[in-house]
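See below for the structure under consideration.
For ligands, and for the atoms within them, numbers begin at 1 and follow the listed sequence.
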Amino acid sequence: MPPVFRFAPSPNGYLHLGHAYSALLNFDLARRRGGRFLLRIEDIDPTRCRPEFEAAIYEDLAWLGIAWETPVRRQSEHFAAYRAALDELSALGLVYPAFESRAEIALLVAQRDAAGGWPRDPDGAPLYPGSAGALSPAARQRLIGEGAPYALRLDMAAACARAGALGWTELGEGPAGEHGEVAAHPLAWGDVILARRETPTSYHLSVVVDDALQGVTDVVRGQDLFHATGVHRLLQHLLGLPQPVYQHHRLIKDASGQKLSKSTAATGLRELRAGGVAAAEVRRLVEPI
Ligand code: GLU
């Protein structure tokens, strides 16, 4: 079976040099290894994703000389698949609704910080500080019946206890030089959100479901997602999904050494194109690949 690579941008902004690097790396690896290259549109968040950004993704990638298989998988068209995975995890007793608002969570974190400190996840966000996991089934039903907003969270301790030790094959490099057989540390993320009342999925859930459904064998993506891979491995294990190999790549930085987060005149592919830069020059800018 040929290896399957994918580039999976979210259409919540215009592509920049960091995206170009990731897309070209995936595309080149697929070609070099006689594999397939897929494009996936990760558009589960309707408040941030816009059709003009999606259209721009197609235009910018084509300009770079990248060709992808069609039809393109758009996550917003597959909520049923994510819900089915969520139902499987719920049936294992690993999912619970948490009803605290963002403000309530911030207050709980502040209280815990003041009382001696509260842990942060690998991205620097506080772990979930609430105790909704302890609510009785009747209390949950009552709150849901009252129409209270909620997030569905993974009971991380129970999930990790069920899964045992996990790891993955890292062909690239983590932020601390991790390479080869590396251990997954999903507990470091606390009770992550898997879905919300109004959005029946999350980044973590949809990415593992789609990588499996699309037969992705090689996940090649930025180093900023290295630690999230621990959560992905856990979900793959719990859902009985195959395990891809991972290759986390360096991040393209701006002139001040910061990771690119949005496109600017100096880094946006559209802006560079409008300024007369050729696609071949963008390729050179993001090499060596
Ligand atoms: N959609 C994610 C992003 O744009 C990438 C997901 C992935 O490659 O796993 O950052």
Hey, does [Y] have a side-chain heavy atom less than 4.5 Å from the side chain of [X]?
{"X": "Tyr150", "Y": "Ile144", "result": "yes"}
{"X": "Leu152", "Y": "Leu86", "result": "yes"}
{"X": "Val219", "Y": "Arg6", "result": "yes"}
{"X": "Asp218", "Y": "Leu171", "result": "yes"}

Only residue of Gln236, His248, His185 satisfying side chain to side chain donor-acceptor pair (under 3.5 Å) with Thr229 is His248

message = With nothing but distance in play, are any N or O atoms of Pro9 less than 3.5 Å from an N or O of ligand 1?
response = no

Output the list of atoms in ligand 1 that are nearer than 4.0 Å to some heavy atom of [X], sorted by atom number.
{"X": "Val207", "answer": "9 (O)"}
{"X": "Arg6", "answer": "7 (C), 8 (O), 9 (O)"}
{"X": "Arg221", "answer": "7 (C), 8 (O), 9 (O)"}
{"X": "Ser10", "answer": "1 (N), 4 (O)"}
{"X": "Glu42", "answer": "1 (N), 2 (C), 5 (C), 6 (C)"}

### Query
Out of curiosity, is Phe7 lining ligand 1, as in a heavy atom under 4.0 Å away?
no

Q. Quick one: are the ring centres of Tyr203 and His232 less than 6.0 Å apart?
A. yes

Note: Leu225, heavy atoms under 4.0 Å from ligand 1, region reported as side chain

Parallel under 30°, tilted from 30 to 60°, perpendicular over 60°: which one fits the rings of Tyr96 and Tyr128? tilted

Note to self: Checking contacts now, so for atom 4 (O) of ligand 1, which I'm interested in, is there any protein heavy atom under 4.0 Å?
What the structure shows: yes

